[in-house]
> 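Below you'll find the structure I mean.
Remember, predicted model here, so these are calculated numbers, not experimental data. By convention in this document, chain letters (A, B, ...) are assigned in the order of the sequence lines, proteins followed by strands, and residues within each chain are numbered from 1.
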Number of protein chains: 2
Amino acid sequence: MADHSLPQKIADQLRRDILRGKFAPGAPLKERDNATELGVSRTPMREAIRILAREGLVILRPSRSPLIADPSLKQVTDLIEVLRALEMLSGRLACINATDEEIAAIRALHERMTELYDKIDSLDMFEIDMNFHLSIARASHNPALAETHAAYLARLWRARYLSASQKRSRDRVLRQHGTIVAGLEARNPEMAVGEIENHLEHLVINITDLFAARDAERAAEVTSEGGHRATTPTPTPTPKNPNRKRDDK
Amino acid sequence: MADHSLPQKIADQLRRDILRGKFAPGAPLKERDNATELGVSRTPMREAIRILAREGLVILRPSRSPLIADPSLKQVTDLIEVLRALEMLSGRLACINATDEEIAAIRALHERMTELYDKIDSLDMFEIDMNFHLSIARASHNPALAETHAAYLARLWRARYLSASQKRSRDRVLRQHGTIVAGLEARNPEMAVGEIENHLEHLVINITDLFAARDAERAAEVTSEGGHRATTPTPTPTPKNPNRKRDDK
DNA sequence: TCAATAGATTTGGTATACCAAAATTCAAGA
DNA sequence: TCTTGAATTTTGGTATACCAAATCTATTGA
């Protein structure tokens, strides 16, 4: 958060906009328009877009506008599979390398989350959840691991956010977080790692349900729209058409 | 390899130069000079440097020349620790998802490596070794995993190359590769994953030895150089840094 | 009425010019 | 001789101009 470079700040701004939904998944991200909109030149905007591309939030196409990423279920579950390996490693290393202070800070996050769960909006809550997992990765004392883990979390932001918004999993999430913290405190890798694995297993289940629900919703839309003219069978893959054309000759 | 974008080609060129030793570790990489040297503008050179920075081959400093990375032993072993988790996951998934053709191709690589080991130079040999491990990751059918794994392999290029040049580990490496292939063919995750873990454990040992040897060499140099004027106690970590201290209030 | 094509336009890629921060140099003074 | 500070140089950051590929529009011809 403390990087004061201009491309980083632009990337932070864009990331928020993307994740908050200002740009729809699948929409093109025109570097010239966004640059003028934010009042910066194209050069730092280009770098910002590359940063987001590295994080997987946008995908680059040769000689074409970058697109806001709209990953398929398989892509998301593939990402989670790697994330699981990274988090399990983080947990194991954190049991060995974390300082008592770091573990205490992780517990503090967990307790704040428990206390505020029903009191704040899901975006703020999710911020805490994010920090919880990032702190464990950092506590592994393996910077490369922490960095890669953070990149995967960023890439899975939207999916995890949607999953976390399902309040029905509230109790399970808090319980699992509690077990993870207890495992760290006991310096018990089996306990911590096992529960981390469990935690992410449920994330896969949740996400799969969400995709299924979304697909069902779309199918219903299509059929109810009438047989001859399906308005948008696909989720508006390219909603760009505000082509202004001149009236002169 | 088949990316025809200019920044990618520049990055490929620079990567080879760095890994072949044209640029020493710790040396600055001036974007203007290198751009004119290669006959391109600074803009694609900038992007190329960012690509290498992402791979960890160069490190960026705010408002300062990027440096050729010169990782410490801990940094390298940290990277290997993550690589191990990634390769173990790759092996496990490959046992499940790989096609018979993919496994056959991996075996072909292994047999070519066995056949040519004493006949070609270590750089070409290392190319095959690289492909062997990349192919396993790709055979996981998890693109995100393959990509992250490839990034870690690139980051560890130099260390792995130096380790692979130690011909004394020849037999062990070939034997381990053989066991890994056999595990894949048998679709036996325990066999494949276990040997992958073993393989990387030996890499850590090898690298640790190499660092120890290098440090010992340096220490010997310093003492034999005589007491008053050590010409280059360190192997010129930064050819240009007569650190000038300005007045500070 | 529709299809094909040519011209206009959008858009990313590249080159270059300018700026500001950092570093090196060098001269002046103690 | 050493310190110090100011000027110059070096170097990365940013803005802008130009180009080429891709796309879209609109006209024309069947």
> Once side chain to side chain donor-acceptor pair (under 3.5 Å) is applied, do any residues pair with A:R42, and if so which ones, sequence neighbours excluded?
A:E31
> With sequence neighbours excluded, what pairs up with B:K74 under the side chain to side chain donor-acceptor pair (under 3.5 Å) test?
B:D78
> Using atom NZ of A:K30 as one end and atom P of C:dG12 as the other, report the distance to the nearest whole Å.
8 Å
> Check residues 156-165 of chain A and write down every donor-acceptor pair under 3.5 Å in which the side-chain atom is one partner and the other belongs to a residue at least two apart or another chain.
{"residue": "A:R160", "atom": "NH2", "partner": "A:D129", "partner atom": "OD1", "Å": "2.7"}
{"residue": "A:S163", "atom": "OG", "partner": "A:N206", "partner atom": "ND2", "Å": "3.0"}
{"residue": "A:S165", "atom": "OG", "partner": "A:Y161", "partner atom": "O", "Å": "2.8"}

> What is the per-nucleotide protein-contact pattern of nucleotides 14-22 of chain D, from the 5' end, where B denotes a base atom under 4.0 Å from a protein heavy atom, S denotes such proximity for sugar-phosphate atoms only, and - denotes neither?
BBBB----S
> Indicate whether OP1 or OP2 belonging to C:dT11 is found under 4.0 Å from a side-chain N or O atom of A:S65.
no
> Just checking A:L29: base, sugar-phosphate only, or nothing, at a heavy-atom cut-off of under 4.0 Å?
sugar-phosphate
> For B:R50, check side chain to side chain donor-acceptor pair (under 3.5 Å) against everything at least two apart and list the hits.
A:E47
> Enumerate donor-acceptor pairs with a distance under 3.5 Å from any side-chain N or O in residues 145-154 of chain A to protein atoms, sequence neighbours excluded.
{"residue": "A:T148", "atom": "OG1", "partner": "A:A144", "partner atom": "O", "Å": "3.1"}
{"residue": "A:T148", "atom": "OG1", "partner": "B:Y152", "partner atom": "OH", "Å": "2.4"}
{"residue": "A:H149", "atom": "NE2", "partner": "A:E87", "partner atom": "OE2", "Å": "2.6"}
{"residue": "A:Y152", "atom": "OH", "partner": "B:A144", "partner atom": "O", "Å": "3.2"}
{"residue": "A:Y152", "atom": "OH", "partner": "B:T148", "partner atom": "OG1", "Å": "2.4"}

